[in-house]
Amino acid sequence: LSPAGVQLQPAFAPAPRVGTVMPKAFCASFKRSSRLIGKGVHLFLVVGETGSGKSTFLNMMANYYRNGSYPDNVKVIIPSKAFPEVTEQDIAQSSSEAHSSDQSRSQTTKATRYTFPGDHVFVFIDTPGFGDTGGVQQDEANLDAVLKAAEDAGELHGIILVANGRAPRFTEHLRYVLTKLRSNVPDVVMNNFVAVMTNCTELTVTFPMQELEVFKPKSIRHMDNTFF
């Protein structure tokens, strides 16, 4: 897997830094793993703590697939403070978004499928964030939603963890959810476990990466996101 990013549009970002994930390189990396997955539809479960950057990551993917450009043609599938209006209504299924202005609570209240067609169809299943102010009971409910999404996916191909690369510690919330996932999904799915570190480059990440080693990520990417 190439660690180098590929520029989306000049208006979105300058020349990518080493280790920075950009949509074209990210998608290409999964296509190159098609020896394991095969051609057709590729389903990935997207998990992460509240405020980790899952929504930003998915909006970034939408701009790649829909040829978005700043400032006049920004594609939005999940609303944010900067872009409160959804522009791509046809991508999401079973969407339920809430608290878009409150970063202490999960924006996603149930699993949502975002389908991006092409030669290889990619389906990203966004799941409720965990570790928000709803407490342990809400975390358990969100974890149930994550596991239900994995079950309902049918032929799930991989898991994408989105984590704040500037976070100084590996939380128990995160450890618990990844452990439960590893216990509840087939090994072949965990073999396609990818970590995306947001708000950082490979050189500025402060997240304790060694804590992820037990989960054996296939790839670790860095996304220095400032756009959404």
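All heavy atoms count here, side chains included; hydrogens, waters and symmetry mates do not. Remember, predicted model here, so these are calculated numbers, not experimental data.
Interatomic distance, Met197 CE to Met223 CE, rounded to the nearest 0.5 Å: 10.5 Å. Distance check, rounded to the nearest 0.5 Å: CZ of Phe207 to CG of Asn164 gives 9.0 Å. The line from CD1 of Ile125 to CD of Gln93 is 10.0 Å long, rounded to the nearest 0.5 Å. Rounding to the nearest 0.5 angstrom, the gap separating the CD1 atom in Ile160 from the CZ atom in Arg221 is 11.0 Å. Note: Leu45 CG to His157 NE2 = 13.0 Å, rounded to the nearest 0.5 Å. Taking CG of Leu174 as the reference point, atom CG of Leu161 lies at 5.5 Å (rounded to 0.5 Å).
By the 30° and 60° cut-offs, the orientation of the rings of His42 relative to Phe122 is parallel.
For the pair Phe130 and Glu49, the minimum side-chain heavy-atom distance is below 4.5 Å. The shortest distance between side-chain heavy atoms of Tyr114 and Val46 does not fall below 4.5 Å. With a 4.5 Å cut-off on side-chain heavy atoms, Leu212 and Leu178 count as touching. Contact of the Arg175 side chain with the Glu211 side chain is registered, since non-hydrogen atoms from C-beta on lie closer than 4.5 Å. No side-chain heavy atom of Thr112 sits less than 4.5 Å from a side-chain heavy atom of Leu58. Side-chain contact check for Asp126 versus Ile78: some heavy-atom pair is nearer than 4.5 Å. A 4.5 Å side-chain heavy-atom check between Asn142 and Thr127 finds every atom pair outside the cut-off. Between Glu155 and Leu43, every side-chain heavy-atom pair lies at or beyond the 4.5 Å cut-off.
The two atoms that bring Ala62 and Ile77 nearest to each other are CB-CG2, 3.8 Å, heavy atoms only. Contact record, Thr206 with Arg166: OG1-O, 2.9 Å, taken as the closest heavy-atom pair. For the pair Thr50 and Gly129, the tightest heavy-atom approach, listed with the atom from each and the gap, is OG1-C, 3.6 Å. Here the closest non-hydrogen pair linking Val189 and Leu156 is CG2-O, 3.3 Å. Residue Val185 comes nearest to Met190 through the heavy atom pair CG2-CG, 3.7 Å, listed as atom of the first residue, atom of the second, then distance.
The salt bridge (charged side-chain N to carboxylate O under 4.0 Å, His left out) contacts involving residues 57-67 comprise Arg66-Glu88, Arg66-Asp90, where partners must be two or more places apart or lie in separate chains.
Checked by atom type and distance alone, the side chain of Asn199 never pairs as donor or acceptor with a backbone atom of Gly165 at under 3.5 Å. Looking at Ser52, its side chain never comes within 3.5 Å of a backbone N or O of Ala163 through a donor-acceptor pair. At distances below 3.5 Å, at least one donor-acceptor pair connects side-chain atoms of Thr87 with backbone N or O atoms of Val76.
Using a 4.0 Å cut-off between charged nitrogen and carboxylate oxygen, Glu151 and Lys148 do not count as a salt-bridge pair.
Listed by chain and residue number, Glu140, Leu143, Lys180 satisfy the side-chain contact (heavy atoms from CB on, under 4.5 Å) test with Tyr176 (two or more places apart in sequence, or in another chain). Not counting sequence neighbours, the partners of Phe116 by the ring pair (Phe, Tyr, Trp, His ring centres under 6.0 Å) test are Tyr65, Phe124.
Val86 and Met61 end up in different hydrophobic clusters when Ile, Leu, Val, Met, Phe, Trp and Tyr side chains are linked at under 4.5 Å.
Other residues, nucleotides and ligands place more than 12 heavy atoms under 6.0 Å from the CD atom of Gln89.
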